[in-house]
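In what follows, chains are A, B, ... by sequence order, proteins preceding strands, each numbered from 1.
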Amino acid sequence: MNTPSSFSLDHLNPEQQQAVVKTSGALLVIAGAGSGKTRVITSRIAYLISECNVPPQSIVALTFTNKAAKEMKERITKLISSESTLPFVGTFHSYCLLLLRKYKAFTGVETFTIIDSEDQKALLKRILEKFGLEKQIATNQIQHAISCLKNQMHKQLLGYGKQQIIEQVNHEYEREKKAGNLLDFDDLIVKVLELFKTNSHFKEEFQRKVKHVLIDEYQDTNSMQHTLLKEMTLSSPGVISAHSICAVGDEDQSIYSWRGAQVENIRSFKNDFAPVETIKIEQNYRSAEPILKAANHVIAHNRNRTPKELWSDKKAHKRILVATCSNGYQEADIIAQALTSLPPSISLGQCAILYRTHAQTRVFEEIFMRSGIAYAIIGGIRFYERKEIKDILAFLRLIQNPHDKISLLRILNVPQRGLGEKVETILIEEWDKYTHFTFTQLLEHLITQSGLLGLSRSHTNGLSELKKIFINLTPSRSISELYEIILSDSAYIQYLAKEYEQEEFRSKSENLRELFQSISFFEKQFNENKTKESSETALAAFLNEIALLQEKIEDDSGEQKMVKLMTLHSAKGLEFDFVVIAGLEETILPSSKSLESREDIEEERRLFYVGITRAREYLLITRALARSTYGQKNAQDASRFLGELPEKEIIHIDASSMFPSQINSTLRSWLENTYSNQKSSYQTIFAPDIQPHFAQANQRGSIQQYVHPHSKKPSFQKITLEKLAPKNGFPSTKMLSSGNIAKPQNLTPSNSIPPEWQKNSRVFHPIFGSGIVLSSSLKAENKYLVTVAFPEGEKTILSTFLQPYE
DNA sequence: GGGTGTCGGATTTTT
DNA sequence: TCCGACACCC
């Protein structure tokens with residue numbers, strides 16, 4: 001191990017180095033916020049490979065999100081030689097999926113389809129209805145209860161006091177999944193645990209192969225995941241079979257206990273993998289010192305924690321401003337003012353507004369629109385959760401797995417073909433009787449037996465119509481062909497156009513276009529990397545690949561110049577020059593649901609802590625004296641957490657009793673307080689790559705006006721748009737991860753042809769693909785007849801069915 | 001079976 | 001206030 005070093009540890013501080021080079025036994029790294037946690041994990045992996053000659057196949061690194069895994073992979077690639085293969089770096093779920101596929105002969109689940117939580121909910125709802133229990137327990141409750149069952153969270157489970165119902169439903173749920181070869185997300189882990197527990201041959205083979213395990217965000221693990229780690233690395237209780245186990249975590253950032261995460265797992269880790277070496281990394285490279293002091297001060301109020309004190313050599317002063325506002329509108333106003341008073345060193349894209357609940361965004365949107373501040377809302381409905389995406393995927397899934405009941409029920413009447421509740425009930429009954437039927441055989445059966453089953457003429461027509469769609473949908477076709485046939489033969493686009501308003505239709509077809517693009521991209525890659533041994537079809541591979549991807553791989557280029565709005569939860573792991581935490585009021589932060597118990601309050605405090613530690617340079621904390629919630633105006637008490645901030649680091653202003661001009665000048669002078677120690681030694685010496693954002697030119701000059709598609713205030717938009725409209729139309733827009741699409745407002749007078757439909761513009765159609773406009777004419781207000789040259793020929797299409805191609 | 005009106009409920013999120 | 005689930009009517 002002490003061979004001449006080719007792998008440099010120079011970029012690491014002493015604690016980080018220690019965490020990298022301790023390559024045997026169990027290691028617990030307590031890495032504070034901003035202490036270079038990812039750097040430690042990635043360097044450790046690179047060190048194992050480059051320095052200790054550990055074969056990459058024997059290393060496994062587990063994360064919670066695909067995003068974290070992706071980032072790690074990218075960073076490891078840069079650290080190791082190009083000949084080395086990458087070790088497994090991925091989520092718990094994807095790793096389990098991989099094991100289930102690889103060892104399927106041992107598992108008893110040879111083929112399966114993964115259902116997401118929405119599918120799970122739909123299935124549970126059907127079961128509740130079947131038993132007539134829907135009045136007794138809510139679908140959400142039963143969903144949560146079933147997950148608790150699997151996670152052995154009996155404490156939370158007992159609260160329901162509906163043991164019998166839960167067990168009955170769970171039993172049927174398990175039966176249904178087995179019949180349909182379905183696995184939910186939890187099952188992926190459960191099945192692998194079963195495999196370890198029941199098959200000693202598998203366990204031995206596994207432990208012979210996998211020798212180094214790393215786990216990120218250990219404070220977020222649930223009991224199943226902790227058990228999984230034990231199965232992976234212990235040959236018997238207390239006997240470690242792996243060469244090294246490295247858990248990285250920070251109990252102060254545990255904010256997911258409500259979904260089963262157990263901070264106690266950090267403590268259990270010390271017992272279960274004893275002897276454990278613990279390394280604390282407390283130097284923070286992110287935040288200016290006053291911000292860290294505030295974070296330390298606040299989190300020290302939590303009783304249930306091991307003391308830890310972050311420190312930074314980024315000296316500065318007066319970096320935290322606490323503003324008391326009269327109401328939510330003034331709060332948003334002040335934030336907008338601060339954003340327009342940024343020093344040149346901070347760009348809008350390096351700012352974030354964090355809040356406890358999504359409901360708080362509405363006021364921000366309204367004010368930001370009026371102020372012409374470009375914003376992006378992060379979070380919300382994810383790509384693969386969207387109805388239009390799930391509908392098309394349901395068709396694809398049925399082609400792949402003709403027994404997939406969930407998918408059939410999803411598209412039974414989508415687009416509408418007169419197959420309602422009655423047909424659905426009969427269909428389910430009949431399929432229960434003839435379980436071996438494929439869905440096409442079942443449809444055929446329903447049509448031929450329609451008389452006996454009490455189905456009407458319109459029912460059989462609908463059923464035939466549905467069956468007809470699948471005639472040309474053969475598994476031998478390419479996915480993109482299938483996609484196009486689905487869209488055209490089911491008349492899906494027409495259905496969307498009929499069902500939704502223009503704006504929503506546009507956004508939905510744009511999502512379909514994105515789906516098409518990701519399909520094409522996948523196919524291209526698949527065909528390039530096709531190996532002869534793998535018999536897996538492109539379709540099967542595609543469906544498998546996206547099963548665990550709720551979010552498509554991000555294209556955040558459009559967001560770069562926008563201020564980000566997100567919940568405190570989604571801010572975890574991110575950092576910004578300027579952070580606003582809004583709504584520091586009792587019942588908001590801490591949330592009203594947490595006021596009862598000390599533990600819940602502590603989690604809210606950690607949430608505040610996570611928010612504070614996102615800030616690099618400036619932190620603005622706001623609260624309102626009154627706020628409208630659910631249409632009711634309420635007086636709001638200051639959050640208890642405000643009193644926990646260190647007084648001498650804080651500037652307080654009472655905006656509710658100040659003139660606007662006073663507020664403005666206060667904000668300006670606060671933000672003019674320049675970096676007194678802009679370049680910490682760390683940034684100068686070790687990490688030039690994290691510098692650029694400080695040096696970026698002020699981009700406020702290019703602030704763009706965006707109109708949120710869901711805004712319900714059209715008249716108000718009009719006024720501001722006329723005032724703020726840039727001369728040359730709008731910049732290109734991109735889908736945001738959240739699906740909140742920042743859209744250019746069409747300002748062209750309705751009697752002339754807008755640029756996107758003018759001759760030679762590139763346009764996209766969900767079925768025909770991309771093409772070039774040949775000519776266009778006005779059809780009705782905001783509707784144009786556009787003649788387009790598509791690869792397959794000229795077509796004249798109503799502009800509502802087209803999108804500008806960007 | 002699909003459209004319209006009323007009532008109630010309303011943290012946080014990933015896989 | 002606002003959104004979704006459900007009930008009721010055509």
Side-chain angles (χ1 to χ4, degrees), chain A residues 62-69 90-97 114-121 125 129 134-135 138-140 144 147 150-151 183-190 217 220-222 224-225 254-261 328 354-363 378-385 412-413 415-425 455-456 458-459 462 498-499 546-551 566-573 583 587-595 600 603-604 606-608 610-611 627-634 710 712 737-738:
Chain A
L62 300 176
T63 65
F64 279 84
T65 63
N66 292 305
K67 196 176 159 196
T91 62
F92 277 95
H93 292 86
S94 63
Y95 189 59
C96 288
L97 178 61
I114 296 168
I115 56 171
D116 67 17
S117 31
E118 199 197 330
D119 297 334
Q120 181 187 40
K121 204 164 144 187
K125 193 175 173 198
E129 279 162 9
E134 67 268 33
K135 293 266 152 57
T139 322
N140 284 330
H144 184 235
S147 184
K150 285 186 187 156
N151 276 295
L183 293 184
D184 64 28
F185 288 138
D186 285 338
D187 288 334
L188 294 172
I189 294 171
V190 170
E217 308 273 22
D220 287 341
T221 51
N222 62 28
M224 284 193 298
Q225 288 155 337
S254 157
I255 53 175
Y256 286 112
S257 70
W258 49 274
R259 67 178 197 208
L354 313 181
Y355 38 79
R356 180 67 234 265
T357 69
H358 286 298
Q360 291 170 261
T361 57
R362 189 171 302 147
V363 191
I378 312 294
I381 312 170
R382 281 171 290 276
F383 188 71
Y384 287 104
E385 266 172 15
L412 183 64
N413 201 29
Q416 286 103 326
R417 45 184 83 87
L419 305 177
E421 206 181 332
K422 187 180 174 194
V423 182
E424 184 176 309
T425 314
L455 293 170
S456 73
S458 70
H459 292 151
K498 182 172 136 262
E499 209 65 7
I546 61 169
L548 293 177
L549 266 192
Q550 292 293 289
E551 195 55 83
M566 68 187 94
T567 62
L568 287 157
H569 282 92
S570 14
K572 192 170 162 202
T587 72
I588 295 185
L589 184 65
S591 124
S592 52
K593 312 247 166 156
S594 69
L595 302 174
D600 289 349
E603 182 144 321
E604 298 288 308
R606 289 193 291 268
L607 212 39
F608 185 39
V610 165
R627 196 181 283 276
S628 303
T629 26
Y630 311 140
Q632 209 106 69
K633 196 156 196 177
N634 293 314
H710 305 305
K712 295 272 147 65
S737 59
S738 57

Roughly how many Å is it from [atom1] in [X] to [atom2] in [N], rounded to a whole number?
X: A/L607; N: B/dT12; atom1: CG; atom2: P; value: 11 Å
X: A/L354; N: B/dT12; atom1: CG; atom2: C1'; value: 13 Å
X: A/N634; N: B/dA10; atom1: CG; atom2: P; value: 17 Å
X: A/D186; N: B/dT13; atom1: CG; atom2: P; value: 19 Å
X: A/L412; N: B/dG2; atom1: CG; atom2: P; value: 10 Å
X: A/Q360; N: C/dC2; atom1: CD; atom2: P; value: 17 Å
X: A/E421; N: C/dA7; atom1: CD; atom2: P; value: 10 Å
X: A/Y355; N: B/dT11; atom1: OH; atom2: P; value: 14 Å

Practice item. Examine the base of B/dT13 for any acceptor or donor lying under 3.5 Å from a partner atom in the side chain of A/S570, and report the outcome as yes or no. Key: no
Under 4.0 Å between a side-chain N or O of [X] and OP1 or OP2 of [N]?
X: A/N413; N: B/dG1; value: no
X: A/H459; N: B/dG1; value: yes
X: A/H358; N: B/dT13; value: yes
X: A/R362; N: C/dT1; value: no
X: A/Y630; N: B/dT11; value: yes
X: A/T567; N: B/dT13; value: yes

Side chains of [X] and [Y] in contact at under 4.5 Å (non-hydrogen atoms):
X: A/H93; Y: A/I114; answer: no
X: A/L607; Y: A/R356; answer: yes
X: A/T567; Y: A/Y355; answer: yes
X: A/E604; Y: A/L589; answer: yes
X: A/T221; Y: A/F64; answer: yes

With a 4.0 Å cut-off on heavy atoms, is [X] in touch with a base, just the backbone sugar-phosphate, or nothing at all?
X: A/E603; value: nothing
X: A/F92; value: nothing
X: A/Q632; value: nothing

Study note, to complete from the structure: By nearest-heavy-atom nucleotide on DNA chain B, the more 5' of A/F185 and A/V423 is A/V423
Revision key, fill the gap. The answer to which of A/S591 and A/K422 contacts DNA chain B further toward the 5' end, by nearest nucleotide, is A/K422
Review point. Does the side-chain ring of A/W258 sit on the six-membered ring of the B/dT12 base, less than 5.5 Å centre to centre and under 30° in tilt?
Key: yes
Check your understanding: Which nucleotide, B/dG1, B/dT14, B/dT15, lies nearest any side-chain atom of A/L548?
Key -> B/dT15
Revision key, fill the gap. Taking B/dT15, C/dC6, B/dT12 as options, the one with an atom nearest any side-chain atom of A/K125 is C/dC6
**Study point:** Same-atom distance (C1') from C/dC2 to B/dT13, integer angstrom
**Key:** 22 Å
Point to revise | Worked check of salt bridge (Lys or Arg N to Asp or Glu O under 4.0 Å) between A/K150 and A/D184 | key: CA-CA 11 Å; A/K150 285 186 187 156; A/D184 64 28; 2.8 Å; yes
